[in-house]
Amino acid sequence: SMKINWQLKKRIAEICGSQADFSKIAEVPEATISKVIRGRQGVSLSEQRRWAVLLRCETEEIFCAVEQKIPIREIFGD
């Protein structure tokens, strides 16, 4: 089941104009960005943070912790 990350897609458009431009800034292949947006490829937490910095937003605004299958404990503690 593909789950499109609309928040990420929208933020890239707002800040960079296009996925191609974000690809250059992030130094990540455009195909990778496309796969991430379409939910076909995961992104490490460190890479999520890096993308958030480049897109001038919080990681949580563009990546959903639940989608990344991270235990809630790791985020909020017990």
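Because the structure is predicted, anything quoted here is derived from the model rather than measured.
- How far CZ of Arg40 is from CD1 of Ile4: 9.5 Å, rounded to the nearest 0.5 Å.
- For the atom pair NZ of Lys9 and CD1 of Ile62, the computed distance is 14.5 Å after rounding to the nearest 0.5 Å.
- One distance of note links CG of Leu55 with CG of Leu8; it measures 6.5 Å at 0.5 Å rounding.
- Between Val36 and Phe63, some side-chain heavy-atom pair lies under the 4.5 Å cut-off.
- Counting only heavy atoms from C-beta outward, the side chains of Ile37 and Ile12 approach each other to under 4.5 Å.
- Closest non-hydrogen pair, Ser34 versus Gln19, comes out as CA-OE1, 3.8 Å.
- Considering Arg11, Glu14, Gln7 as possible partners of Cys57, the one that fulfils the side-chain contact (heavy atoms from CB on, under 4.5 Å) test is Arg11.
- With hydrogens and angles disregarded, no donor-acceptor distance shorter than 3.5 Å links the side chain of Glu47 to the backbone of Ser44.
- Of the possible donor and acceptor atoms, none in the side chain of Arg50 sits under 3.5 Å from a partner among the backbone N and O of Leu45.
- Taking 4.5 Å as the limit, every side-chain heavy atom of Ser23 sits out of range of all side-chain heavy atoms of Val28.
- Between the CH2 atom of Trp51 and the CD1 atom of Ile33 there is a distance of 5.0 Å, given to the nearest 0.5 Å.
- Panel note: side chain Gln48, backbone Val43; a donor-acceptor pair is recorded below 3.5 Å.
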